[in-house]
Every structure is written in structure tokens, then in C-alpha cells.
Peer 1: 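Before we start, here is the structure in question, set down as C-alpha cells.
The basis for the numbers below is simple: all heavy atoms, side chains too, and nothing from hydrogens, waters or symmetry mates. The shown structure was predicted, so the numbers you read here are calculated from the model rather than taken from an experiment. Lettering of chains follows the sequences in order, A, B, ..., and the numbering in each one begins at 1.
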Protein chains: 2
Amino acid sequence: MGGPTRQLSRERVLRAAIGIADAHGLGALTMRSLAAELNTKPMSLYHYISNKDELLDALVDGVFAEIDLPVVGGDWRTEVRRRSVSARTVLARHPWALALVETRTSPGPATLRHHDAMLGVLRAGGFSLEMTAHAYAIVDAYVYGFVLQEASLPFDSADTANAVADSIMDGFPAGDHPHLVEFATQHVQQPGYHFGAQFEFGLDLILDALAARREGLAGC
Amino acid sequence: MGGPTRQLSRERVLRAAIGIADAHGLGALTMRSLAAELNTKPMSLYHYISNKDELLDALVDGVFAEIDLPVVGGDWRTEVRRRSVSARTVLARHPWALALVETRTSPGPATLRHHDAMLGVLRAGGFSLEMTAHAYAIVDAYVYGFVLQEASLPFDSADTANAVADSIMDGFPAGDHPHLVEFATQHVQQPGYHFGAQFEFGLDLILDALAARREGLAGC
DNA sequence: CAAGCGTATCGTACTTAGTACGACGTACTT
DNA sequence: AAGTACGTCGTACTAAGTACGATACGCTTG
């Protein structure tokens, strides 16, 4: 876009790829669209990435790099909470990333650094190895799953929720799905409703529960 | 496969599609491969599905249909637990389903029935509308996220975990990622390790925490 | 300055996938 | 017996990934 065509670079390629995926979805990210965005031709890209799969791996790692690293010295609850909020924000900004995570199985450097920091914070916080495994699995399951739900919501705001609900309910006998109807009309379609606002409630609930079992002491 | 080519039907098409996705992944599910599996030609399929997108929608709904429906009369904790374990089992059996969930935004009949039952169980269990929203969001985030993690693990068993860990650590200065190394050697590579076994621990932790706040009473 | 070389770029074309269009056959109706 | 509707499929167009090899540009070396 504008200006003389600068030299290509792996950096520029990756940045442009993220831009396309953010703006138009993963489906719009093709070698051709990527080349066009960079004012070049598809085959020129293959000097910086060996194939599209490797490009996708790099994108995932790039997203992980955007997430706040927890600080190993600090209070475990504070650090885990901060990085979880950050992870959720970042993943919501790049909704295509989660779909990729599921397929890619070769973690990049930023991903590894991230995992290492999280494990370090939990261990330093007094969690046993086994409880560290539990805690990390639970927190990440929650974060990923929450983002996944956000991404698959058929609506963005209460406004569109209305229309969507109506269109879905069409074609079903009235009285079917009574709880869904109650939920939609009495909760989702209320003024201040915003699905995303629930994130921190659940996160704190989970962190509380983990704190209570940090060293194996039973519940309350 | 074998026998005279029976009459096609939407049922047979969907069943074959699920079979291919289970066996060889979503990527292997093409209109051509699907046609071949059914001893027919690609264009014949279009009499039963209007396009591939609609096929994918139908697949997602088919997967939801496999999940145990919670019983609205029963104890909320028992029912939510049972259906969550079932959901995790089903989604693990069809690992491609989660990737689809993220893109599809028009829920099918089985999906709606499922949501309705879950909401009903929670409401009947004494949860306020708001706490129902929280509880459902948290439980499902956990279930989805856990399955997502399982699906993206680079290994299936402790055996392969070993090899994978080694190959990943190659190319990094020794001493980098100390916590990751500790975690891998002291925990993941121990005899009985199995990531999936953590599922119920986390689920119970979350259900305990929800029970404690069911009606807004503070923590312990 | 000329010759040579490595690297970045790109033109062409092959392959796989989704699917539009319309022809064909079979079975059931009238 | 003739028509009709529906299921089937042959052909072909489009989009996308990428192999192969040619080209072009800039830097080194004699």
C-alpha cells in the first residue's frame, strides 16, 4: 500500500499475514492474497517461509508472543491472573488463532518461553508438581474455552442477539426450548448484557478454588 | 465398500462424512473423498446437502446429538457432571468438531435441545439467572478448553512424549526453559502420566466452587 | 571495469478442491 | 404408452498451493 515496494522480509510477511487474518479471517489468508498485500507475487513468499503450514506455525507463535509473560518472582495469583486476562485479550483480538492451535503441534520459541514462565510461577508459588499440572491445565482450559465460546457466539452485542434469537426460534414449535427462551429474553437481551464480562468472574472462581487446594489441603 | 451400492440418503452421507473426519481428519473430508466412500460421484451428494458449509453445520449438530442430555428433574451437580464427562468423551472421539464449532454460528436442533436441557438443570438446581449464565459459561469453557488442549498435545502417550520433548529441546541452549524441563522429566515422563486423567479433577474443582456460590453466598 | 556468483524475485503450469450447468436414465403417474 | 420428476453424473470453470526453472540485481573478485 503506497510507497515504493520495500524489501521483503520474514517479519513483513508474518505481519501482513496476521493483518489479513485479523481483518478478513483465516479463510482470506491465501498465498495469493498475502502476496498481493505485499505488492509481490505468490512464489516470492517462499523465500521467507518454506510452505503455508510453516507460516501458520509462525503465526501461532507470533500470537503467543503478544501475551504478557508472567513474572516468575511475583505472587502466583497476581501473575497467573494478569497473564490469563492478557491471553484472553490477545486471543480475542486474533480469533483465528485458536483454530490453529488445535492443528499445530510444534510449539515455537515464544510458546515455549510462555509455558516455562507459567510453570515457574506456579512452582515458585508453592504448588507441587502434580498440582502445578492441574492448575495449569484448568486455567488454560478455561481461558481457551472461554475465547472459543466468544468466537462462536452468533452475535456481538445485545442488539444482534435479539435478531439472532428470533431467527433461530423460528421453525420450532412455540414452547420448545422454554429455558432457552427464558434465558434469552430475561438475561441475554437485557440492557447491560455482555458475554465477555463474565470472564473475570470465572477466572477468580477458579483461582480461589486453586488457592484453597494449593498444597493439598482439602477444600474449605 | 462391498455390497451393491445402496440408495444414497442424507443420513448415509452424514455418517460417511463423520467416518472420514474421524479416521483421517477434517482435511481429508472432501466432496470427492466423500463421494468415493459412498461409491458415487461428487455431484450426486448435492442432492442431500446444499453445499459443503451446510454439511459441516450438520456434522457439528450430529456430534452434539451424541452427548448425553442432562435430565432436568435430577440433581444439578450429578447431571452437569455426567453430561460434561460425556461431552468431553464425545468431543475427544471427534477431535475435528471443536475446530468447526468456532466457525459455525448457526446451531442445529440437537445443539439447541442440548443448551435448553443444561439451562433447565441449572435453573431447577436453584441457580439464579445470572449464576446460571456464569455456571454454564465456566463449565463449558472448561470442557471445550480441555478438549482443545488434548487435541493440540504433540503426543499421545508417555512414550511419544519423551521423543517429542527431546526433539523440541534440541536447538535451545541447555538451561533455557528449566521449569519446562523439570515438568517434562519429573512429571510428564513418569510411568502413569496421562493428561486426560486430569479432566475430572478440574471438573470437580469447578463444580465445588459453583456449589459454594450457588445462590450468592460468599466462598467458604 | 568485466566476469562470475549468490540471492531474491517471479512466470508458467500442474494439482487438488468446490461446485455450476445441464444431460441422461429410471420409475412412477395418468 | 407417454410424460414427468427425481436422482445421478460428465464436463468444465474457478480458486488455491506450490514445483520448476528462468531472470534480474547487486556484490565480490581478478
Peer 1: Which comes earlier along DNA chain C counting from the 5' end, the contact point of Leu29(B) or that of Ser44(A), where each point is its nearest nucleotide?
Peer 2: Ser44(A)
Peer 1: Would you call Glu200(B) and Arg88(B) a salt bridge, using N to O less than 4.0 angstrom?
Peer 2: no
Peer 1: For dT30(C), which nucleotide in any strand shown is its Watson-Crick or wobble partner with both distances under 3.5 Å?
Peer 2: dA1(D)
Peer 1: What is the distance, rounded to the nearest whole Å, between atom CE of Met43(B) and atom P of dC13(D)?
Peer 2: 15 Å
Peer 1: Reckon Lys41(A) has a side-chain N or O less than 4.0 Å from the OP1 or OP2 of dG11(C)?
Peer 2: yes
Peer 1: Mind calculating the distance between CD1 (Ile49(A)) and C1' (dT18(D)) to the nearest angstrom?
Peer 2: 11 Å
Peer 1: For Thr30(B) and dT16(C), is the shortest distance between a side-chain N/O and OP1 or OP2 below 4.0 Å?
Peer 2: no
Peer 1: For residues Leu29(B) and His24(B), determine if any side-chain heavy atom of one lies less than 4.5 Å from a side-chain heavy atom of the other.
Peer 2: no
Peer 1: Look at Asp204(A) together with Arg81(A) and state whether they make a salt bridge at an N to O cut-off of under 4.0 Å.
Peer 2: yes
Peer 1: I need the OH-P distance between Tyr46(A) and dT12(C), as an integer number of Å.
Peer 2: 18 Å
Peer 1: Over how many whole Å does the gap from Arg10(A) atom CZ to dT7(C) atom P extend?
Peer 2: 17 Å
Peer 1: Rounded to whole angstroms, how far apart are CG on Leu26(A) and P on dA15(D)?
Peer 2: 20 Å
Peer 1: Can you measure His47(B) atom NE2 to dG10(D) atom P for me and round it to whole angstrom units?
Peer 2: 14 Å
Peer 1: Suppose we call two aromatic rings close when their centres sit under 6.0 Å apart. Are Phe146(A) and Tyr144(B) close by that rule?
Peer 2: no
Peer 1: Could you state the CG-P distance from Asp53(A) to dG17(D), rounded to the nearest angstrom?
Peer 2: 11 Å
Peer 1: Looking at dT18(D), dA8(C), dT19(C), which one has an atom nearest to any side-chain atom of Asn51(A)?
Peer 2: dT18(D)
Peer 1: Name the residue closer to the 5' end of DNA chain D, choosing between Gly27(A) and Ser50(A) according to the nucleotide with the nearest heavy atom.
Peer 2: Gly27(A)
Peer 1: So does Thr40(B) get a side-chain nitrogen or oxygen closer than 4.0 Å to the phosphate oxygens (OP1/OP2) of dT8(D)?
Peer 2: no
Peer 1: Can you tell me how the ring of Tyr136(B) sits relative to the ring of His115(B), calling it parallel under 30°, perpendicular over 60° and tilted otherwise?
Peer 2: perpendicular
Peer 1: In whole angstrom, give the distance that lies between atom CZ of Arg32(A) and atom C1' of dG11(C).
Peer 2: 12 Å
